[in-house]
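Comments concern the structure below.
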Amino acid sequence: MSSSASRFLKQMGWWIFLLVCAFYASYAFYMGLVEILFQQGLVASAKPRAVPLIFIIHALAGGIALISGPLQFNRHLLSKKRKIHRILGRTYVVAIWISSIGGLWSAIFFEVDLAAKIVLGVLSILWFGSTTIAWLCILMRDIAVHREWMIRSFSLSLFFVSFSFWVPGLANTSLPEAISYPLAVFVSWSLNLLVAELWIRYTRSQSRQPSTNVHRDHALQQ
């Protein structure tokens, strides 16, 4: 395959990926907005939420993280628009800090069994932790390690996408809900993390080559 064809496929893949993330981010914004309108008495009904205010914050911040994430991996923004890249990076990190704390809080009061609470809580902790490590790495100018933790972080951001497939998929099996739901939640983020880890290991030798000018200037100057 020629280099131009390979570049075209990569660009197309990125655009498809961005559109998928934008769709799910829009849905997260929609859920948050519906809850706001319901709390204000402007809509007649909404899905019951354990902690409505926390859910609103969690959904809106999660949507921001989901749409800003793919932009962090855009080569054009990284090489030509580094200031925008840094702003998006800060936005992504803060959005995840807010959403993951909101997710952990919601998991505590969510009306599901203990197993589901635990796997949702672990997800929130890993999401917060991996993002924080990525942020600390860029502060120390460790670009290669920062990249790897950003990949791990965003794989967990994609939980909202994979969750929408695994939960109904396992719900349609013969498994009781007490098993199918926590299992679906666990698979939704653990498989994402596994794929991210495999990709990191596959691309590690390339990413750790001597830095280009793009990499030297790539920092989130917090």
Side-chain angles (χ1 to χ4, degrees), residues 6 9-25 28 58 61-75 77-78 85 88-101 103-104 107 118-140 142-167 169-170 182-209 211 214-215 218-220:
S6 177
L9 290 176
K10 287 180 180 179
Q11 290 174 346
M12 286 296 295
W14 181 83
W15 277 106
I16 292 171
F17 187 51
L18 177 64
L19 290 174
V20 170
C21 290
F23 172 80
Y24 278 92
H58 170 67
I64 292 171
L66 199 55
I67 193 61
S68 60
L71 299 175
Q72 288 291 288
F73 298 99
N74 182 274
R75 291 182 178 274
L77 291 177
L78 178 58
H85 177 79
L88 288 169
R90 296 187 186 107
T91 302
Y92 176 80
V93 169
V94 173
I96 288 179
W97 282 345
I98 294 171
S99 189
S100 61
I101 293 172
L104 180 60
I118 290 173
V119 291
L120 285 168
V122 170
L123 165 64
S124 297
I125 293 169
L126 291 176
W127 198 24
F128 183 95
S130 60
T131 306
T132 302
I133 293 172
W135 172 66
L136 292 173
C137 288
I138 201 60
L139 291 182
M140 295 184 292
D142 194 338
I143 307 302
V145 178
H146 165 73
R147 169 189 171 274
E148 293 182 358
W149 281 101
M150 279 294 290
I151 292 172
R152 294 183 182 106
S153 168
F154 193 62
S155 74
L156 295 173
S157 300
L158 291 173
F159 164 80
F160 185 47
V161 178
S162 53
F163 177 82
S164 66
F165 294 98
W166 281 106
V167 169
L170 289 179
L183 179 61
V185 173
F186 175 72
V187 172
S188 295
W189 61 258
S190 62
L191 282 187
N192 288 2
L193 201 55
L194 175 61
V195 172
E197 201 63 37
L198 293 174
W199 177 252
I200 287 168
R201 293 177 185 279
Y202 176 73
T203 59
R204 181 170 286 167
S205 60
Q206 298 176 5
S207 66
R208 291 181 183 269
Q209 289 175 353
S211 298
V214 171
H215 291 310
H218 172 50
L220 289 175

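Asn192 is not listed as a side-chain neighbour of Leu156, based on a closest heavy-atom distance of 4.5 Å or more. For the pair Leu126 and Val122, the minimum side-chain heavy-atom distance is below 4.5 Å. Put simply, the side chain of Leu191 reaches to within 4.5 Å of the side chain of Trp166, judged on heavy atoms. Counting only heavy atoms from C-beta outward, the side chains of Ile16 and Leu19 never approach each other to under 4.5 Å.
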Side chain to side chain contact (heavy atoms under 4.5 Å, CB included), that's the test. Do Ser124 and Ile101 meet it? Break it down for me.
CA-CA 7 Å; Ser124 297; Ile101 293 172; over 6 Å; no
Applying side chain to side chain contact (heavy atoms under 4.5 Å, CB included), run through Ile64 and Ile96 and close with a yes or a no.
CA-CA 8 Å; Ile64 292 171; Ile96 288 179; over 6 Å; no
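Distance check, rounded to the nearest 0.5 Å: CD of Glu148 to CG of Asp142 gives 9.0 Å. To the nearest 0.5 angstrom, Leu136 atom CG is 11.0 Å from Thr131 atom OG1. The structure places CD1 of Ile143 at 3.5 Å from CD1 of Ile138, a figure rounded to the nearest 0.5 Å. The distance from the NE2 atom of His85 to the CG atom of Leu88 is 8.0 Å, given to the nearest 0.5 Å. We find the CG-CD1 distance between Leu123 and Ile118 to be 13.5 Å, quoted to the nearest 0.5 Å.
Partners of Ala28 under the side chain to side chain contact (heavy atoms under 4.5 Å, CB included) rule, at least two apart in sequence or in another chain, are Phe160. Residues satisfying the side-chain hydrogen bond (donor to acceptor under 3.5 Å, both in side chains) criterion with Ser190, sequence neighbours excluded, are absent altogether. Taking Trp14 as the reference, Leu18, Pro70, Leu71, Asn74 meet the side chain to side chain contact (heavy atoms under 4.5 Å, CB included) condition, with sequence neighbours excluded.
Leu120 and Ala107 make their closest contact through CB-CB, 3.8 Å (heavy atoms, listed as atom of the first residue, atom of the second, distance). The heavy-atom pair separating Ser153 from Ser130 by the smallest distance is CA-OG, 3.4 Å. When all heavy atoms of Ser162 and Ser188 are compared, the closest pair comes out as OG-O, 2.7 Å. Shortest non-hydrogen contact noted between Phe73 and Gly69 is CD1-O, 3.3 Å. Here the closest non-hydrogen pair linking Ala95 and Ala65 is CB-N, 3.9 Å. Shown here for Ala134 and His146, the closest heavy-atom pair between the two residues is O-ND1, 2.7 Å.
Aromatic ring orientation, His58 versus Trp127: perpendicular (interplanar angle above 60°, classes split at 30° and 60°). In this pair, Phe128 and Trp97 present their aromatic rings tilted. The plane angle is within the 30 to 60° band. Aromatic ring orientation, Tyr92 versus Phe154: tilted (interplanar angle from 30° to 60°). The aromatic rings of Trp189 and Phe186 sit perpendicular to each other, their planes meeting at more than 60°, with 30° as the lower class boundary.
Between Tyr24 and Phe163, the distance separating the two ring centers is not shorter than 6.0 angstrom.
A side-chain donor-acceptor contact under 3.5 Å links Thr203 and Arg147.
Side-chain atoms of Ser155 come within 3.5 Å of backbone atoms of Arg152 as a donor-acceptor pair (strictly under, hydrogens ignored).
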